[in-house]
Enquirer: 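Sharing a structure with you now.
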Amino acid sequence: MAEVRVRFAPSPTGPLHIGGVRTALYNYLFAKKNEGKMILRIEDTDQSRFVLGAEKYIIDSLKWCGIELDESVIDGGDYGPYKQSERQAIYKPYAEQLVRDGFAYYAFDTTEELTAMRERMRAAGIPSPQYNGVTRNTMQNSLSLSEDEVNKRIESGESYVIRIKIPRNEEVKINDIIRGWVVVNTNNMDDKVLFKSDGMPTYHLANVIDDYLMNISHVIRGEEWLPSAPTHALLYKYLGWQDTMPKFAHLPLILKPDGNGKLSKRDGDRLGFPVFPIEWRNSETGDVSSGYKENGYISAAFINMLAFLGWNPGTSQEIFSMQELINAFSLERVGKAGAKFDFDKTKWFNQQYLRSTSKEKLAQELQVFLKEHGIAKKDDFVASVCDQLKERATFLKDMWEQGKYYFIAPNTYDEKTIRKKWQADTPKYLLELKNRLQEILEFNSKNIEKEFKIFLEENKIGIGKLLPAFRLSLTGVAIGPSLFNIVELLGKEETIARMERALSRIK
Ligand code: GLU
């Protein structure tokens, strides 16, 4: 196989939605699996849809996800520039070539003339009128006007577009890697604009020319581009590039959790979960859309979840590192059917990653939260806290929220536990227990537990009589990891101080 070269080709019209990230991911996995190249090309020929900050957002998102680029607007490459607005001069000659060869034509129609045509056709009973072989002869273009007239109009500076001339009643066949043969009759296609009056190519023309010039071997993109593929296939043929036409793979849609329709950019915050990898701030409206990163997701967990939205390895393994995804990935295992987004599963992935992350690594991250709250603790202490809490947490922030008492003595004590477990004789027992703990020489969880049990036996009381109150006095809450481990970590001095504090505060 010739060298695999794939491209992710977003338009900077806003933040990258998770569907876009998945497209980038599948391109990346496919490239790396086949020892090929991953290219980022910015498709910004539609100046009217340009959004400030979107390009940077795309680049930052890919970086956070760990999707590495071999050639891009940042680092360049042998096939640059990688931004279509910087390639503007490249496209026009190809559009002219298509006109010369009879595959495209100039069209001078004004907006009003186009609207009038559509109204005329609708009135004649055609519900979705198109500029095509049926209507083009009634319009102002180089096929309906004389050559003289056309030249005159162009020379006088009249604005025009270049349209592809779609033939009547031919079949265009595309062998899609995911969908198999896709066959479209040209009677269902329209004469799309290839080159606009503002001097810019449209998506269709620029996309095909760039894929050709950049030696792209596979076009892997969302299903929403499938309807454009026949136009692209014809362009390859008309430009004489049929033999090097890339292979196509159109990825399935990502659906809303209930399966009803495509998951859109607007769904996220409305349905209660982010649809963007990282937070997006709209510089015009000031609106903020939440991101997975800011919501405490580990990027590897986010990627693992995305990889499964449309692909599966064919085994029961669910947790994959990026390298494992690369090894296991194939387009043949990408399904045709839309993939339902499952937010609970996304959380589950994060939980799994949290559990499998070393306590030292987690400690590094938790230290960031601690610093924000003005708490300075040694790394090995924080690592032990992480070790005790990680089974119970879904997010790193849970560790901070559920485990504040490791770092700060409680100021309040859970009311319900006081009512149920803090009885008249509790202070007496706690006070005695405190004195016993004071005596322990080697203050570790094993010795603490042993001493606690001896104390219960001696006093002929059950564990339920004292343990909840003991926990409450140290943590302020009723649940948490093994109490004796917590006590060991707090250390003797702090344990004693907290018990005294609780005894003086809980009435
Ligand atoms: N610029 C298109 C987009 O925004 C690219 C589609 C393609 O990959 O051909 O998604």
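Bear in mind the structure is a predicted one, so any value in this text is a computation, not a measurement. Both counts, for ligands and for their atoms, begin at 1 and track the order of listing.
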Enquirer: Which atom pairs, nitrogen or oxygen on both sides, join ligand 1 and the protein at under 3.5 angstrom?
Expert:
| unit_1 | atom_1 | unit_2 | atom_2 | d |
| --- | --- | --- | --- | --- |
| ligand 1 | 1 (N) | Ala9 | O | 2.8 |
| ligand 1 | 1 (N) | Ser11 | OG | 3.0 |
| ligand 1 | 1 (N) | Glu43 | OE1 | 2.6 |
| ligand 1 | 4 (O) | Ser11 | N | 3.3 |
| ligand 1 | 4 (O) | Ser11 | OG | 3.2 |
| ligand 1 | 8 (O) | Arg7 | NH1 | 2.8 |
| ligand 1 | 8 (O) | Arg7 | NH2 | 3.4 |
| ligand 1 | 9 (O) | Arg7 | NH2 | 3.0 |
| ligand 1 | 9 (O) | Tyr203 | OH | 2.8 |
| ligand 1 | 9 (O) | Asn207 | ND2 | 3.0 |
| ligand 1 | 9 (O) | Arg221 | NH1 | 2.8 |
| ligand 1 | 10 (O) | Trp225 | NE1 | 3.4 |

Enquirer: When you compare the side chains of Asn185 and Glu170, does any donor N or O come within less than 3.5 Å of an acceptor on the partner?
Expert: no
Enquirer: Between Tyr82 and Asp210, do the side chains contain an N or O donor and an N or O acceptor separated by less than 3.5 Å?
Expert: no
Enquirer: Is Arg87 reaching over with its side chain to a backbone N or O of Pro81, donor-acceptor style, under 3.5 angstrom?
Expert: yes
Enquirer: Could you tell me whether His373 and Trp400 have their ring centroids closer than 6.0 angstrom?
Expert: yes
Enquirer: Is Lys371 positioned over the aromatic face of Phe369, cation under 6.0 angstrom from the ring centre and no more than 45 degrees off axis?
Expert: no
Enquirer: Quick check, are the ring centers of Trp280 and Tyr57 under 6.0 angstrom apart?
Expert: yes
